[in-house]
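Note that this is a predicted model, so its numbers are computed, not measured. Naming: A, B, ... by sequence-line order, numbering from 1 per chain. Every heavy atom of this structure was used, including side-chain atoms; hydrogens, water molecules and symmetry mates were not.
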Protein chains: 2
Amino acid sequence: MQTRRRPYHHGDLRAALLIRAEETLRDKGPTALSLRELARDLGVSHGAPNRHFPDKQALLDALALIGFERLIEISTAAQERAGESFAEQLDALARAFVDFALTNAALLDLMYSVKHAPEASEALRAAEQRFGQQVVDMIGEGQRRGEVREGPWQRLALPVFTTLRGYAGLAANGTLPTETAEHGLDDVIAYILRGCAPD
Amino acid sequence: MQTRRRPYHHGDLRAALLIRAEETLRDKGPTALSLRELARDLGVSHGAPNRHFPDKQALLDALALIGFERLIEISTAAQERAGESFAEQLDALARAFVDFALTNAALLDLMYSVKHAPEASEALRAAEQRFGQQVVDMIGEGQRRGEVREGPWQRLALPVFTTLRGYAGLAANGTLPTETAEHGLDDVIAYILRGCAPD
DNA sequence: ACCTGAACACCGTTCAAGT
DNA sequence: ACCTGAACACCGTTCAAGT
């Protein structure tokens with residue numbers, strides 16, 4: 001790709017590591033992800049990554065953070081494109097989430113893995129919350145429009161988020177029987193709407 | 001623990017490996033799981049595990065299978081203990097699932113990991129389906145009792161399962177804000193009931 | 001049938017030394 | 001400030017050889 005001789009400094013090794021890491025995560029799975037191979041691919045010594053990530057877990061955390069940021073970006077864009085009704089907003093969010101899950105299956109796994117759960121970086125937890133907040137906001141707006149049942153936001157946002165997250169996870173690992181995957185998401189959206197409908 | 005000198009044959013090395021593997025999975029996480037350390041812990045040579053599991057992934061698959069079997073056992077028992085109404089059956093299943101998730105967080109992660117998704121063993125996929133079937137059966141029975149809306153079973157079972165799976169996952173990785181975790185499951189159950197209620 | 005132990009090709013992490 | 005390269009203590013997997 002790069003014809004110029006690589007200089008002593010890579011330029012932006014940190015970013016390059018993350019990009020390459022995500023590629024191998026997608027193509028060969030999390031088990032195949034190795035710092036040494038990453039370094040080899042980028043034509044850099046095996047010790048170099050340690051300058052940018054104190055250990056492998058730090059790279060995985062950074063990868064997960066990127067995942068959340070992309071997910072937020074994609075779903076926000078989808079919701080802005082969609083109509084204002086709660087049904088349309090939910091539809092947009094759900095499809096964006098599942099799209100993301102299908103094209104970033106291994107990354108999604110990483111994002112919600114227990115591995116970095118207890119001591120995850122502040123930034124990672126914040127990004128996770130920010131995506132959750134998107135659901136909370138959607139519910140709140142739906143209530144204001146009278147399209148969603150009354151009650152504390154979070155106590156409805158949690159079940160809704162839970163359903164979306166569950167379906168995205170199932171879609172990602174491909175365990176859905178093909179027939180049900182067909183209209184699966186439509187059914188899930190309809191069911192969420194019922195769960196949210198005013199009495 | 002064992003005062004008798006260990007004989008040449010371990011006796012049941014396969015079972016011992018799985019038990020020990022689950023312990024370290026629970027205590028030290030999936031990253032810390034190594035065949036060589038397992039062998040060391042059991043006082044056996046590092047090559048011995050390979051007689052029982054062709055590779056590490058095979059051990060992980062076997063572990064996931066055990067997880068599904070235990071989950072099915074626990075939730076079946078809970079449902080048998082519970083009352084016959086759909087609400088009671090759902091409550092029992094949901095609480096059993098979340099209990100399992102909380103006490104087997106890393107194992108649950110493994111069970112639904114994308115890692116062994118495409119080429120998982122037949123037994124593993126079967127166990128996964130068997131647990132899903134439990135939800136399908138519950139919905140079917142609820143319909144027969146007139147407590148669940150009409151319609152094809154799976155098209156309602158999928159959203160319901162999705163919600164349970166999503167909540168179990170969130171509970172397992174501990175990302176639920178503590179206040180919402182408090183009444184979270186109650187809210188989720190109520191929401192599922194609304195999603196299933198006849199018109 | 002089941003296990004040992006050496007061998008091989010990998011890892012992650014550390015750290016002096018180089019630029 | 002950023003990277004190299006040797007060193008260390010680990011891996012998983014294979015395979016002849018032992019019991």
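Arg40(B) comes within 4.0 angstrom of sugar-phosphate atoms only, judged by non-hydrogen atoms across all strands, and of no base. Residue-level contact check: His46(B) touches the bases, meaning some heavy atom is under 4.0 Å from a base atom.
Atom CG of Asp12(A) and atom P of dA1(D) are 17 Å apart (whole Å). As a whole-Å value, the separation of Leu33(B) CG from dC11(D) P is 11 Å. Protein atom CD of Gln57(B) is 12 Å distant from nucleotide atom P of dG12(D), rounded to whole Å. With rounding to whole Å, Asp55(B) atom CG is found 13 Å from dT14(D) atom C1'. Distance Leu38(B) CG to dC11(D) P: 10 Å, rounded to the nearest Å. As rounded to whole Å, 10 Å separates atom P of dG12(D) from atom CG of Asn50(B).
Thr162(A) and Thr163(B) share no donor-acceptor pair across their side chains, judged by distance under 3.5 Å alone.
Taking a pair to require two hydrogen-bonding distances under 3.5 Å in either a Watson-Crick or a G-U wobble arrangement, dT4(C) pairs with dA16(D). Taking a pair to require two hydrogen-bonding distances under 3.5 Å in either a Watson-Crick or a G-U wobble arrangement, dC10(C) remains unpaired.
The two residues Lys56(B) and Leu33(B) come nearest to each other via the heavy atoms NZ-O, 2.8 Å.
In terms of phosphate contacts, His52(A) brings a side-chain nitrogen or oxygen within less than 4.0 Å of OP1 or OP2 of dC3(D). Checking the phosphate oxygens (OP1, OP2) of dG12(D), a side-chain nitrogen or oxygen of Ser34(B) falls inside 4.0 Å.
Checking Leu35(B) against Leu13(A), the closest nucleotide of DNA chain D that is more toward the 5' end is the one next to Leu13(A). Judged by closest nucleotide on DNA chain D, Gly47(A) is the one of Gly47(A) and Glu37(B) placed further toward the 5' end.
Between the base of dT13(C) and the side chain of Arg36(A) there is a donor-acceptor pair shorter than 3.5 Å.
The ring-ring contact (aromatic ring centres under 6.0 Å, His included) contacts involving residues 37-87 of chain A comprise Phe68(A)-Tyr112(A), where partners must be two or more places apart or lie in separate chains.
Side-chain atoms of Ile192(A) and Leu164(A), non-hydrogen and from C-beta on, do get closer than 4.5 Å to each other.
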